[in-house]
2 protein chains.
Amino acid sequence: MSNSTSGQAFAKHDHRHCIKAALKQASRICGERNGRLTAQRKRVLELVWKNHKPVGAYAILEQLRAEGFNGAPPTVYRALDFLLEHGLIHRIESLNAYTGCAHPGEQHTGQFLICSQCQRVAELDDPKVKTAICNSAALLGFEADHQVIEIRGLCPQCQDH
Amino acid sequence: MSNSTSGQAFAKHDHRHCIKAALKQASRICGERNGRLTAQRKRVLELVWKNHKPVGAYAILEQLRAEGFNGAPPTVYRALDFLLEHGLIHRIESLNAYTGCAHPGEQHTGQFLICSQCQRVAELDDPKVKTAICNSAALLGFEADHQVIEIRGLCPQCQDH
DNA sequence: AATCGTTATGTTATAGTATAACAACTTCAG
DNA sequence: CTGAAGTTGTTATACTATAACATAACGATT
């Protein structure tokens, strides 16, 4: 099963639990795969999970520097690449930013609801959406591989401004 | 009705017809809305429609310069912004690139099939996909506004390499 | 035709995002 | 201990996009 963050980003929740669960999952998954979750990678993962707003690579870099780290962009991008490869985070293409994966370890395509106002992102994994797309693609003989689905709109809290 | 390019980017077709149709539609739409399809904007639209592969802003700039134009990035981005605003082109977020709109003037959300091998893009507009997403979003109380749907995979021609 | 507000374009500089290339260090199996 | 693989450091640079301000073209009104 997925952890408690699945699709619940917009609801009230104890976010410390999200972070803790994400780190635990990450540790487990890296263990299974011989991926080395080094201190830096772990720290980057924590920063990505700081809240449900996607965070840019340079924002992460700033945070690290504020903590005394004396590094350059490649360090951050390498950590992000590692986390992406192991399915621990997602890249939000339309924001050039990164967000924690709510279903690490599970096979899934990222489907994101992005609030235009508060910037928070919730992750879906609706098989109906995937099916509809694959069917539609198949009609043109197209073999779908990876889906980028990013829906902009207003989250429940931001609708009554 | 949509023009002949709808979803047919992967099939054999006379592409000169696509370009011609796109320009005609653009001219009509701009006329209706008091949008000024200036020479530069028209030229940029032509370059975007040169084939079914999305093209980056700087690639367009290079082309223009090759034609003797002596301009800078803002000129290209302004033309692209104009074309986007009037629904004549789409931006492909996952490629930082732009592609001709197959249904200009019609209300629709862009859904794109992108071939990982030949880079060509076909545009879909499957109401089932839209509906599935909106339903799924509604379950979380999310009010969907704009959809970014970009599917990577292999087009029919590239499947038998 | 002259004027004026609006829209479009030119120009320079800079912000923001990402990677290439090579050096140095760490880790760990053998 | 050693060597191979993996990780991080470092510098430079490529690619994508916009800010800010100057100039020019257009088009309705006088």
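Proteins come first, then strands; the chains are lettered A, B, ... in the order of their sequence lines, and each starts at number 1.
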Within this structure, what is the [atom1]-to-[atom2] distance between [X] and [N], rounded to whole angstrom?
X       : N      : atom1 : atom2 : result
A:Arg36 : C:dA29 : CZ    : C1'   : 12 Å
B:Leu61 : D:dT16 : CG    : P     : 11 Å
B:Leu95 : C:dT17 : CG    : C1'   : 15 Å
B:Leu83 : C:dA8  : CG    : P     : 12 Å
B:Ile60 : D:dC15 : CD1   : P     : 16 Å
B:Gln40 : C:dT11 : CD    : P     : 11 Å
A:Asn96 : D:dA17 : CG    : P     : 8 Å
B:Arg43 : C:dT9  : CZ    : C1'   : 18 Å

Intermediate values then yes/no, ring-ring contact (aromatic ring centres under 6.0 Å, His included), B:His90 and B:His108
CA-CA 11 Å; B:His90 291 288; B:His108 70 290; 5.2 Å; yes
Given A:His13 and A:His15, is the ring-ring contact (aromatic ring centres under 6.0 Å, His included) satisfied, shown in steps?
CA-CA 6 Å; A:His13 66 284; A:His15 189 63; 5.5 Å; yes
Check the phosphate of C:dT9 against B:Thr75, side-chain N and O only, distance under 4.0 Å to OP1 or OP2. Yes or no?
no
Is B:Arg41 near enough to C:dT9 that one of its side-chain N or O atoms lies under 4.0 angstrom from OP1 or OP2?
yes
Heavy atoms only, 4.0 Å cut-off, all strands: where does B:Arg78 land among base, sugar-phosphate and nothing?
base
Among C:dA18, D:dT18, C:dG10, the one nearest any side-chain atom of B:Tyr77 is D:dT18
Give the nucleotide from the list D:dA17, D:dG9, C:dT9 with an atom nearest to the side chain of B:Thr38.
C:dT9
Distance-only side-chain donor-acceptor flag, A:Arg43 / A:Gln40, under 3.5 Å:
no
Any sub-3.5 Å donor-acceptor pair from A:Thr131's side-chain atoms to A:Pro127's backbone N or O?
yes
With nearest nucleotide decided by heavy atoms, which residue, A:Phe82 or A:Pro73, maps closer to the 5′ end of DNA chain D?
A:Phe82
Is B:Tyr58 stacked on the base of D:dC15, meaning ring centres closer than 5.5 Å and planes within 30 degrees of each other?
no
Over all atoms of both residues, closest heavy-atom pair of B:Ile114 and B:Ser94:
CD1-OG, 4.0 Å
